[in-house]
Amino acid sequence: MSTAWMNKMATSPGQLREKVALFWHGHFACRTRRPDDSLALLNTIREKALGKFPDLLLAVSQEPAMLQFLNNQQNRKEHPNENFAREVMELFTLGRGNYTENDVKEAARAFTGWSYDAQSRFTFRERQHDAGPKTLLGQTGNFGGEDALRIIMQQPAAATFIVTKLYRFFVNDVPNPAHIEPLTVAFRKSHYDIGDLLERMFSADWFYEPAAMATIIKSPVVLVAGLRRTLNLKVDNDKQLLGYQKALGQTLFMPPNVAGWPCGRAWIDSSSLLLRLQLPSILFKNAEFAVRLKDDENDITPQTTGRERTVKNTETTHLPLAPIQQLLGGAPTENQPQLLADFLLQAPLRPENLALVQQAAAKATTPEERLRNTLLSLLSLPEYQLA
Amino acid sequence: MNAQQLQHLYWRAGFGPRPQDVAAGLSTGKALRQLLHEARAYEPITSAALSYNDPQGAVMAVPAAPATPAAGPAAASPAPASSAQPGTLNPARMDALPAAVDALRPRSALALRRQGLPQLRRADLTPSSASCKMRPSGMLSLA
């Protein structure tokens, strides 16, 4: 399931949809013991990722995976369970401090009876629903779950909370109120149209300012998917990549807690940093190994069985150099490191690093090896961790 | 700087630029419109490999086949026919009494769980099926 989605991220033309879905996957953090429910939740998120936020919120709230994860099947008239109502307000829509403890209790009553049946379909169990009057965020009525979500989305805090979180994911980890304020107004005016919001974000002038570039630390998923996409990497055994992702601290469908993955600096710690820097060489050393194996096939170790070879080959990545060579065109070799750095790094290459890269490239004997060495040393720079 | 801006967009709105994206040399506005356009289509992630079965489903798939050849004589012989437990049935007995065996549907096949998979319960594994029959059927559906 993870590999299927990772493939989508690396190859799908619908890049924006998958990227936004990755954001919502962390926003609506959920882990279940039923893979089919998790997949249904993911597909719901992917389907509505660029639509209106209230539609997405309602659909996600009614997914069995989410109802199960936040214990709403225990939320009954006689014994309300506040978990679901609390997380909907704290993590999905308003953020802490924009609702009272009483609002949580009243919203929990509105969500009573939301459940799912044996075929993993949402059902409303009327006998468990508390139909009495409730006072939620200043409004009173015999609210049900849909009403509660509608009232929550009428709060000004909802737009601010969601826009700020999207901004921190897509633009800069440090939110700038001067950028966020107009976006929030437009977001409310468009009835929470996510696609429209992102279009505004990506066409703003401040989005392309040098100060906005290379300010985000790539999450493990973005790092791996990005390596695959930018270099047209062919992966034989993509399950192996999931192992690296796990070691780097991000396993899809397994967020650490209800708040999802902490972003930004939290990705880098002493144990993940080394692996992050070494990941390209681990992947490409494998690739080199596979190439050498093919060369040797005829003479040196004829006793090697075909099976042994295939086992090794299934765990490798193939780095096609042709697209990169095409990009470089006929550029002279001494310019190649700088050109490649412009393509691979979003931060400018420092002179001392350029020297380092040229040193690595000079060790090569063939043009291919030279190119490979250049790539590898560029990808291993700390600057590659930024996007 | 323009190429850098274009790459910036591809990194933020997606998972990085491909060499051909940079070579195309679109303006950022055009590239954004293209990204938005291409993101419009949605297709669910689904395939045969992703349709998961309950782990117990594998156990319960046995009744459809006559008997597992993997069950050695040690496993096959001591099982009484009345246990109605699929994996332990003696293949020889099955051949001798086709009608009787066909009539004996495993009790576990009657209790449907979510997704309609039969559930293997402890009661089905105990040889004395008489005591099982005493149970009210309502007890079997747990989900």
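So that the names make sense, note that chain A is the first sequence line, chain B the second, and so on, each numbered from 1. Keep in mind that what you see is a predicted model, and the values were worked out from it rather than measured. In what follows, every heavy atom counts, from backbone to side chain, and hydrogens, waters and symmetry copies are set aside.
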Q: Side chain, backbone, both or neither: which part of A:Ala214 has an atom under 4.5 Å from a heavy atom of chain B?
A: backbone
Q: Name the region of A:Leu231, side chain, backbone, both or neither, that has any atom closer than 4.5 Å to a heavy atom of chain B.
A: neither
Q: Do you know which of A:Arg229, A:Gln326, A:Glu199 has the most heavy-atom pairs under 4.5 Å to chain B?
A: A:Arg229
Q: For the interface with chain B, which of A:Asn43, A:Asn7, A:Thr44 has the highest count of heavy-atom pairs at distances below 4.5 Å?
A: A:Asn43
Q: Under 4.5 Å from any heavy atom of chain A, what part of B:Gln20 do you find: side chain, backbone, both or neither?
A: side chain
Q: Can you name the nearest heavy-atom pair linking A:Leu327 to B:Ala23, along with the distance?
A: CD1-N, 4.4 Å
Q: Considering only heavy atoms, which portion of A:Asn232 lies under 4.5 Å from any heavy atom of chain B: side chain, backbone, both, or neither?
A: side chain
Q: Would you kindly check if the NZ (Lys) or CZ (Arg) of A:Lys19 is within the cone defined by 45 degrees around the ring axis of B:Trp11 and under 6.0 Å from the six-membered ring centre?
A: no
Q: Stepwise, does the side chain to side chain contact (heavy atoms under 4.5 Å, CB included) test hold for A:Leu22 with B:Phe15?
A: CA-CA 11 Å; A:Leu22 179 62; B:Phe15 297 90; 3.9 Å; yes
Q: Do A:Thr11 and B:Arg18 pair up side chain to side chain, a donor and an acceptor below 3.5 Å, judged on atom types alone?
A: no
Q: Does any heavy atom of chain A fall under 4.5 Å from the side chain of B:Leu9, the backbone, both, or neither of them?
A: both
Q: Report which part of A:Ile216 has an atom under 4.5 Å of a heavy atom belonging to chain B: side chain, backbone, both, or neither.
A: both
Q: Please find the pair of heavy atoms, one from B:Pro19 and one from A:Thr230, that lie closest to each other, and give the distance.
A: CD-O, 3.1 Å
Q: Quick check: closest heavy atoms across A:Leu16 and B:Ala39, and the distance to 0.1 Å?
A: CB-CB, 3.8 Å
Q: Would B:Ile45 and A:Met1 count as a side chain to side chain contact (heavy atoms under 4.5 Å, CB included) here? Give the steps.
A: CA-CA 8 Å; B:Ile45 291 178; A:Met1 199 151 74; 5.9 Å; no
Q: Flag the pair B:Tyr42 / A:Leu50 as yes when at least one side-chain heavy-atom distance between them is below 4.5 Å, and no otherwise.
A: no
Q: Which residue out of B:Val22, B:Thr28, B:Asp21 racks up the most heavy-atom pairs below 4.5 Å with chain A?
A: B:Thr28
Q: Quick one: pull up CD in B:Gln4 and CD in A:Gln346 and give me the separation to the nearest 0.5 Å.
A: 5.0 Å
Q: Do B:Arg12 and A:Thr215 have side chains that approach each other closer than 4.5 Å (heavy atoms only, starting at C-beta)?
A: yes
Q: For atom CG of A:Asn335, is the number of surrounding heavy atoms from other residues, nucleotides or ligands below 6.0 Å larger than 12?
A: yes
Q: B:Glu38, B:Arg33, B:Gln7: which one forms the most heavy-atom pairs within less than 4.5 Å of chain A?
A: B:Gln7
Q: Salt bridge check: are A:Arg17 and B:Glu43 linked by an N-O gap of less than 4.0 Å?
A: no
Q: Measuring heavy-atom distances to chain A, does B:Arg40 have an atom under 4.5 Å in its side chain, in its backbone, in both, or in neither?
A: backbone
Q: Look at the aromatic rings of B:His8 and A:Phe207 and report parallel, tilted or perpendicular, splitting at 30° and 60°.
A: tilted
Q: Which bit of B:Ala13 is near chain A, if near means a heavy-atom gap under 4.5 Å: side chain, backbone, both or neither?
A: both
